[in-house]
Amino acid sequence: MSRAEGDGSRVRVAQAPLIELRNVTKYYGDVRVLDGVSFALHEGQTKIVLGGSGSGKSTMLKLMMGLETPDSGQVLIEGVDLGRAGERQLMRLRPRIGMVFQESALFDSLSVFENVAFRLSEVGTDEDTITDRVREVLGFVGLEDAIDKMPAELSGGMKRRVALARALVSRPAVMLYDEPTAGLDPITSRRINELIIRLRDVRGVSGVFVTHRLRDAFTLASEIAVESGGRVRFIREDGTFCLPHTRFVMLRDGRTIFEGPDEILRRSDDAYIRQFIA
Amino acid sequence: MAGMLPSPKAAVLEVQETALLAFRAFRRAFRKPFYVRDILTQMDHVGVGSLTIIMLTGFFTGAVLTLQSASEMSRFGAVGLTGTLVAVSLVRELGPVLGALMVAGRVGSGMASELGSMIVTEQVNAMRALGTDPIKKLVVPRLLATVSMQPLLTVVACSMGIHRGLADAVGILRTSPDLYLNSAWNGLDYYDIAGGLLVKPVFFGAVVAVVSCRCGMRTEGGTRGVGRSTTQAVVVSSLLILVSDYFLTQLILEYSP
Ligand SMILES: Nc1ncnc2c1ncn2[C@@H]1O[C@H](COP(=O)(O)OP(=O)(O)O)[C@@H](O)[C@H]1O
Ligand SMILES: [Mg+2]
């Protein structure tokens with residue numbers, strides 16, 4: 001995989017995808033949860049994974065993070081095959097990827113500050129830097145005031161935002177979002193989506209966004225965030241075309257049945273997709 | 001309870017997994033980073049937290065031992081040997097075994113349910129995703145805490161029991177305190193002390209931590225699964241304590257003169 005760039009005199013080999021699944025199959029017990037799934041996320045891309053519940057979306061994300069191992073096929077992070085990587089290499093690669101779990105998965109015995117600081121304290125960052133960075137990311141998600149609270153005291157939407165902050169603290173190049181708006185009201189969902197769009201457009205974070213809610217998916221595919229003079233505005237494209245670098249992947253029973261931009265997805269005549277979109 | 005019995009193949013696999021966890025935890029205990037704060041928290045929880053029930057255990061075990069042995073001994077006119085009997089029974093067997101069973105019930109169940117909840121709420125996965133090894137962060141501190149605290153707790157239990165016996169020996173049997181304490185002290189040899197107050201508690205402490213952490217870590221099936229793991233942790237570690245006590249006793253007897 002190489003690609004010529006510029007005037008052709010300087011040929012640069014395109015980097016390996018940030019994350020790649022090659023023909024991955026995964027069983028839980030006797031149940032085949034993923035069946036020959038291939039997937040690639042290149043730098044700067046956002047991939048939106050759609051699928052009904054139980055279609056294997058969360059499993060796919062866990063495989064990308066090396067939290068589960070495939071029964072066959074390969075998982076690669078920045079070209080490194082996780083199946084061949086040792087535990088230490090894995091430990092080094094994982095912080096490049098941030099993950100927001102489906103139910104937030106905050107450490108419930110730790111405060112919001114300690115949750116967000118977790119990664120930094122683990123690598124022995126000094127106290128002052130930790131405090132600054134934690135305040136910065138909590139500011140980004142709009143939760144500076146909750147810094148001393150315990151997770152049990154937070155609402156669902158706040159938990160999701162703390163989980164986002166916790167993943168962002170190590171400044172990952174890629175973010176994996178597992179249904180970040182599930183179970184939230186429309187206003188809170190909107191807020192989370194805006195944060196994700198800002199990360200993508202203002203900070204250039206690549207992402208995999210898993211959802212079974214089509215509305216969120218189309219929001220992500222059609223809105224952009226523009227920062228000017230310290231203020232962020234959201235601009236809606238006219239909605240007929242998908243943003244470049246944003247692609248949809250549709251999962252059904254552990255297989256990919258669609259991959260492409262949303263205008264094609266909308267025109268699909270596959271019965272399952274039509275039903276899902278309706 | 002029938003549903004809890006695993007198939008032979010699953011059981012063998014489980015033993016293998018538990019042994020592997022023990023191996024990994026021991027190896028990681030000597031590698032950086034050392035989670036000093038987590039280790040101290042766990043030591044406080046296991047040691048200080050169990051002090052009351054351990055003292056009560058020692059106290060009543062000592063009391064009942066004195067009652068039983070005093071009535072036997074007075075029939076043979078050997079009341080002077082009460083101290084020896086109480087001390088030897090406590091230090092060799094009852095102190096370490098009952099102490100470990102109490103810790104299995106209190107601490108083991110707590111470990112299994114805590115780790116189990118962390119598994120079903122994906123906190124353990126979140127930890128791994130943040131680049132932290134859950135065996136180092138969660139299992140090693142618990143293992144070090146039980147292994148270091150169990151001998152101390154056993155010493156406390158035995159000394160409570162022996163001193164409780166002293167009260168009865170003096171009050172009911174009318175022996176002198178010196179006679180009782182001398183007989184207690186003289187009855188114990190080096191192997192009783194090393195075996196009962198060090199080897200056994202260290203081993204039992206490791207059993208409780210490894211079994212309970214393994215039960216917690218393999219939890220599946222939501223809140224009900226956590227309940228199941230907790231029960232398993234207590235049942236399996238208690239059984240293993242009793243079984244391994246038999247073999248450890250054989251081993252210790254073999255080495256003692
Ligand atoms: N740890 C597990 N053990 C057994 N089955 C599982 C486990 N995790 C997920 N599954 C099963 O795998 C299938 C896909 O799960 P998942 O990836 O969570 O789907 P989704 O996120 O799309 O809802 C489901 O049928 C689910 O019941
Ligand atoms: Mg899911």
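Every chain is numbered from 1 and lettered A, B, ... according to where its sequence line falls, protein lines coming before strand lines.
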Chain B/chain A interface donor-acceptor pairs under 3.5 Å:
from: B:Tyr35; atom 1: OH; to: A:Glu122; atom 2: OE1; distance (Å): 2.4
from: B:Glu122; atom 1: OE2; to: A:Lys62; atom 2: NZ; distance (Å): 3.1
from: B:Gln123; atom 1: OE1; to: A:Asp108; atom 2: N; distance (Å): 3.2
from: B:Gln123; atom 1: NE2; to: A:Asp108; atom 2: OD2; distance (Å): 3.1
from: B:Arg128; atom 1: O; to: A:Arg94; atom 2: NH1; distance (Å): 3.4
from: B:Arg128; atom 1: NH1; to: A:Leu67; atom 2: O; distance (Å): 3.1
from: B:Arg128; atom 1: NH2; to: A:Leu67; atom 2: O; distance (Å): 3.2
from: B:Leu130; atom 1: O; to: A:Arg119; atom 2: NH1; distance (Å): 2.9
from: B:Thr132; atom 1: OG1; to: A:Glu122; atom 2: OE1; distance (Å): 2.9

Looking at every heavy atom in both [X] and [Y], which two are closest together, and how far apart are they?
{"X": "B:Gly195", "Y": "B:Pro201", "result": "O-CD, 4.1 Å"}
{"X": "B:Val46", "Y": "B:Ala145", "result": "CG2-CB, 4.0 Å"}
{"X": "B:Val234", "Y": "B:Ala104", "result": "CG2-O, 3.8 Å"}

Checklist entry - Which of residues 148-163 of chain B have a heavy atom under 4.5 Å from any heavy atom of chain A? => result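 Counting heavy atoms that sit under 4.5 Å from chain A, no residue of residues 148-163 of chain B is involved.
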Item to check | Contact check, side chains of A:Leu67 and A:Leu61, non-hydrogen atoms, under 4.5 Å | outcome: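 No, every pair of side-chain atoms sits at 4.5 Å or beyond.
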Next on the checklist: Taking the side chain as everything from C-beta on, heavy atoms only, tell me whether B:Phe204 gets closer than 4.5 Å to B:Val103.
Outcome noted: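 A side-chain contact under 4.5 Å is absent here.
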Next on the checklist: Show every ring pair (Phe, Tyr, Trp, His ring centres under 6.0 Å) that has at least one partner inside residues 115-147 of chain A, sequence neighbours left out.
Outcome noted: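 Ring pair (Phe, Tyr, Trp, His ring centres under 6.0 Å) check on residues 115-147 of chain A returns A:Phe107-A:Phe118.
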Item to check | Heavy atoms of other groups near B:Phe203 CZ, more than 12 under 6.0 Å | outcome: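 It does not: B:Phe203 CZ has 12 such atoms or fewer within range.
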Next on the checklist: Quick check for you: among A:Gly66, A:Pro95, A:Ala105, which has the greatest number of heavy-atom pairs under 4.5 Å with chain B?
Outcome noted: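 Result: the option with the highest number of such pairs is A:Ala105.
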Item to check | chain B contact via A:Leu106 - which portion, at a heavy-atom distance below 4.5 Å | outcome: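 Backbone only.
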Next on the checklist: I'd like to know if the side chain of B:Lys200 reaches the main chain of B:Arg92, judged simply by a donor and an acceptor atom lying under 3.5 Å from each other, with no hydrogens or angles considered.
Outcome noted: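 Indeed, once roles are kept as given, a pair shorter than 3.5 Å links the two residues.
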Checklist entry - Is there a donor-acceptor pair closer than 3.5 Å between any side-chain N or O of B:Ser109 and the backbone N or O of B:Arg106? => result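 Here the side-chain-to-backbone pair exists.
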Checklist entry - Sequence neighbours excluded, which residues qualify as side chain to side chain donor-acceptor pair (under 3.5 Å) partners of B:Gln16? => result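 So B:Gln16 forms no side chain to side chain donor-acceptor pair (under 3.5 Å) with any residue.
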